[in-house]
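Scope of the values below: all heavy atoms of this structure, side chains included, with no hydrogens, waters or symmetry mates. Quantities reported herein were computed from a predicted structural model and do not represent experimental measurements.
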Amino acid sequence: MSPRRNRPRGGADNQPDAPREFTGDRYGLERTESWQGEDWAVRTVGGSSASKYYRCPGCDQEIPPGVPHLVAWPRYGDVDDRRHWHKACWNAKDRRTTRVQRSRSAPRY
């Protein structure tokens, strides 16, 4: 018996150098929402794509790896403007006060 072929056989649709289309499977679909008079790009992040700890600006709690959440940034902002939010915190952003209550020992970032 011959060994299994790990590479696909040649053909018109199997071009390795052809650009691949972004389908949104890995990072979720991107949508635009209006908040505080500004357009925001919002993208959902599945649990398998979340790989490190983030701090939610809505509740000031950590988002651990593996937890589904979303990323929001101003539509015409920079990469540094991206923020990772819990889905519930993003949905409740208009009902929250501007001042976040922290405990005495909590970090201020």
Side-chain angles (χ1 to χ4, degrees):
M1 178 177 358
S2 61
R4 183 179 75 176
R5 295 188 79 156
N6 289 330
R7 286 178 267 157
R9 295 181 184 209
D13 57 347
N14 291 332
Q15 298 174 358
D17 295 331
R20 297 189 335 183
E21 294 290 325
F22 175 71
T23 58
D25 293 340
R26 183 173 178 198
Y27 296 109
L29 296 176
E30 187 175 309
R31 64 186 185 274
T32 302
E33 294 186 19
S34 181
W35 181 48
Q36 295 180 343
E38 195 172 2
D39 287 337
W40 289 72
V42 180
R43 183 181 293 165
T44 57
V45 177
S48 61
S49 298
S51 60
K52 65 180 200 176
Y53 284 90
Y54 298 102
R55 184 160 302 271
C56 174
C59 64
D60 201 39
Q61 300 295 316
E62 285 187 343
I63 302 172
V67 174
H69 60 281
L70 56 89
V71 180
W73 65 95
R75 172 56 73 190
Y76 301 107
D78 196 355
V79 174
D80 295 333
D81 296 332
R82 290 184 299 187
R83 296 293 175 259
H84 294 254
W85 293 72
H86 292 107
K87 289 180 184 180
C89 293
W90 177 257
N91 293 335
K93 64 189 175 298
D94 293 327
R95 297 187 300 265
R96 293 188 180 272
T97 61
T98 57
R99 182 178 169 161
V100 176
Q101 299 292 325
R102 294 183 181 92
S103 65
R104 290 182 183 175
S105 60
R108 295 208 174 259
Y109 48 80

- Task: Give a yes or no on whether Val42 and Trp35 share a hydrophobic cluster (residues Ile, Leu, Val, Met, Phe, Trp, Tyr; joining criterion: side-chain heavy atoms under 4.5 Å apart).
- Result: yes
- Task: Flag the pair Trp40 / Ser34 as yes when at least one side-chain heavy-atom distance between them is below 4.5 Å, and no otherwise.
- Result: no
- Item | Nearest heavy-atom neighbours spanning Cys89 and Gly58 | CB-CA, 4.3 Å
- So is Lys93 actually on top of Trp85's ring, under 6.0 Å and inside 45° of the axis? no
- Message: So, taking the atom named NZ in Lys52 and the one named OH in Tyr54, what distance separates them when rounded to the nearest 0.5 Å?
- Response: 5.0 Å
- Query: CZ of Arg31: more than 12 outside heavy atoms within 6.0 angstrom?
  - Reply: yes
- In this structure, which one of His86, His84, His69 forms a side-chain contact (heavy atoms from CB on, under 4.5 Å) with Cys56? His86
- Out of Lys87, Arg43, Arg83, which residue meets the side-chain contact (heavy atoms from CB on, under 4.5 Å) rule with Leu70? Lys87
